[in-house]
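Report on the structure given below.
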Amino acid sequence: MKSVQCDSPEKDVRVDVRVADGTPTFAVSIQGKQTIDGGTLGVTFETQQPFDDCASAFEVTRRSVRRSWSPVRGAQSVVRDDFEEVSLAFSSPTSTTPKARFRVFDDGVGVRYEVPVSTGPERRTVVSDETTVGFPDEEVRIWYPSPLGTRLEESVRVPSVGGAATPLTARIGDTETSQRFVTVHEAALSHSELRFEGASDGRLRASLGEPSEVSGIYTSPWRVFLTANSLDGLLENEVVRNLNEPCRITDSSWIEPGIATWDWRARGATVDGFTYGLDMPSLRRLVDHAASNGFSYTLVDAGWYGDESDPTADPTVPVQSIDISSLSTYADKQGVGLLLYVNDLALRENDVEAIFETYSRWGVAGVKHGFLGGSGNGNVRRLRGFLEVAADHELLYNVHEAFKPTGLRRTYPHLMTREFVQSLADGQPETYAKPSYHVALPFVNMLGGPLDATPGLVDLSDATERDAIGGPVLSTVCAQLARCLTIDTGLLHLPDIPEVYRSEPAIEAFLQRISPLHWDERRVLDAAFGSHVVVARRCGQSWYVGGLASDGGVTLELALGFLGDSQYTARTLSDAVGSTYRSNRESYVVSESTVEAGDTFTVEMAPGGGFVTTFDPA
């Protein structure tokens, strides 16, 4: 038996690879404590198992990388990419030197498979992935999303995990002093996605969403294991993005994040005798509201080119009540970009190049791609193709009903956000996401990338009269605002009508402050699975802090050491006494104080509630 170790740059993480009985296995340790044990490696083709019967002797090459890069946008302005890499070429009777390449970071591990398949056009089919993950014999609790991210499942015992999409987050150990976290995911998805199921032996076993046809040298997506001793270590992790290719867009000056007004949730709302609908007067009101608040965009959702489920509907021909070209001109004169919804059916039935060329000619800023669906090979490759064409026409991209994010936004930074989350008031009222869902979300779904969760609804009492809000939203108004900070996104779509925001000056002022969505730094100030999460974001010298509580509410004492040496003016919007996510949801209080780095900051969050605070140098 031969064993190879690889330590991360600061020796916080170690990978141990060995061959046992002809099968390559790996283990991962955090600060000397084993966290993944006895995981297997490999893939299987329809007529070949290249990692079977591997010899115990294998060739090893190593390299060290220390570098940084600056994202076009995101939660951090500078990302470190420091790792140790070891590539192992195994001797196998069924293949020519299959390889496993490991990159070991101080907060995670990536491994990908490289297998010679053919020297010509011949193709073979990858039918299964043999990656398994084992955990120590301790209490393990697992959270994982459904394939499209609309549900969040929780499991205490590994064997009860079934058909789990990733990111899959496991908490190992049941006390704060002993617990560790591991998130199982993948990066640079180029073939069918990976899912996991719990086995009776206590291991998670990988499966492919569907087989993949490959030729030449098969290079798998990265299988990723994020490691941390605390939840903040997971949220601040950049391993997934680092394992993707660098940006392919030479001039990215047109890629700007920002807040968007949005017509979908507004439709049906009546105010002062005016009823919002899919028509020019309503859309101009939304553009005007965006312009008056410094918001960057207005989104026109489904229906503007007819029935989106009709395969003959032409996504370049608006219905008679809508003139997209003139609306785009109207918006542009006020410094607002127009975003257009287009269904995947229209993109499949028509020439995408011609569609996007038309949108570019109209002056449209970006597209919302609806109903992309699952992550089989076809959709994975189609999305990359759409992103290439969109980049050629300088169109921002937002994908809905879409498979999981895997860091592709590093390569294509105009991929601003994607749904992969239960959005506001989607589905039937009895299935609406509860506060516990939004508290856990940053440490599961969001670890793959930004999410279009559409927070920011203010009218929580009467909004159920609208066309697209069928039941009560389980949130306080302060929790709605806090989600604007706890959830990453490049496009933040506000679901309420302009008149509601104007009636709440404190809320409107907060949204104006964060509207550019430009962040230099992000930190987790406090978090506990199932209880609460508090996230801080810095833009220049100002900090923006948002917190969410689960169903039980919570009171926290936050240390303000992150502020630095200056005094700061803190302005807070918090839940009113007696407010909960089921009653008195719209009540909040505004307070102001002067604080500095040595202080503690007390926040009280109602059941299902939250708070937001802006810290500005005094």
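Reckoned from all heavy atoms, side chains included, excluding hydrogens, waters and symmetry mates. Everything numeric in this text was worked out from a predicted model, so none of it was measured.
Listed by first and then second residue, the side chain to side chain donor-acceptor pair (under 3.5 Å) pairs involving residues 524-540 are D488-R537, E521-R538, D526-H532 (not counting sequence neighbours).
Judged by distance alone, with hydrogens and angles left aside, the side-chain atoms of E84 form no donor-acceptor pair with the main-chain N or O of D7 at under 3.5 Å. Looking at S192, its side chain does come within 3.5 Å of a backbone N or O of G209 through a donor-acceptor pair. For R418 (side chain) and K404 (main-chain N/O), a donor-acceptor pair under 3.5 Å exists by modelled atom type. Not a single donor-acceptor pair under 3.5 Å links the side chain of T454 to the backbone N or O of P495. With hydrogens and angles disregarded, a donor-acceptor distance shorter than 3.5 Å links the side chain of Q480 to the backbone of L457. Remark: the backbone N or O of A527 is not paired with any side-chain donor or acceptor of D232 at under 3.5 angstrom.
Taking the ring axis of Y397 as reference, the NZ or CZ atom of R409 does not stay both within 45° of it and closer than 6.0 Å to the ring centre.
Classification of D82 and R66 as a salt-bridged pair fails, no side-chain N sitting under 4.0 Å from a carboxylate O. We find that R195 and E193 are joined by a salt bridge, their nearest charged nitrogen and carboxylate oxygen being less than 4.0 Å apart. With salt bridges taken as basic N to acidic carboxylate O contacts below 4.0 Å, one links R18 and D16.
Residues T476 and F611 form no side-chain contact, since every pair of their non-hydrogen atoms from C-beta on lies 4.5 Å or further apart. Here the side chains of V612 and Y544 are not in contact, with every heavy-atom distance at 4.5 Å or above.
For W143 and F443, the gap between ring centers reaches or exceeds 6.0 Å.
Atom CZ of R157 has 12 or fewer heavy atoms from other residues, nucleotides or ligands within 6.0 Å.
Every side-chain contact (heavy atoms from CB on, under 4.5 Å) that E85 has, sequence neighbours left out, goes to R63, F83, R101, R103. Remark: N229 engages I30, Q31, R180 in a side-chain contact (heavy atoms from CB on, under 4.5 Å) (not counting sequence neighbours).
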Practice prompt. Could you check T132 against E130 for side chain to side chain donor-acceptor pair (under 3.5 Å), going step by step and ending with a plain yes or no?
Written response: CA-CA 6 Å; T132 66; E130 308 306 325; over 6 Å; no

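Side chain to side chain, S146 and E153 fail the donor-acceptor criterion of an N or O pair below 3.5 Å. Counted by atom type alone, Y113 and T131 present one or more donor-acceptor pairs between their side chains at under 3.5 Å.
In this pair, F615 and Y568 present their aromatic rings perpendicular. The plane angle is above 60°, beyond the 30 to 60° band. Using bins of under 30°, 30° to 60° and over 60° for the plane-to-plane angle, the ring pair W543/F562 lands in the perpendicular bin.
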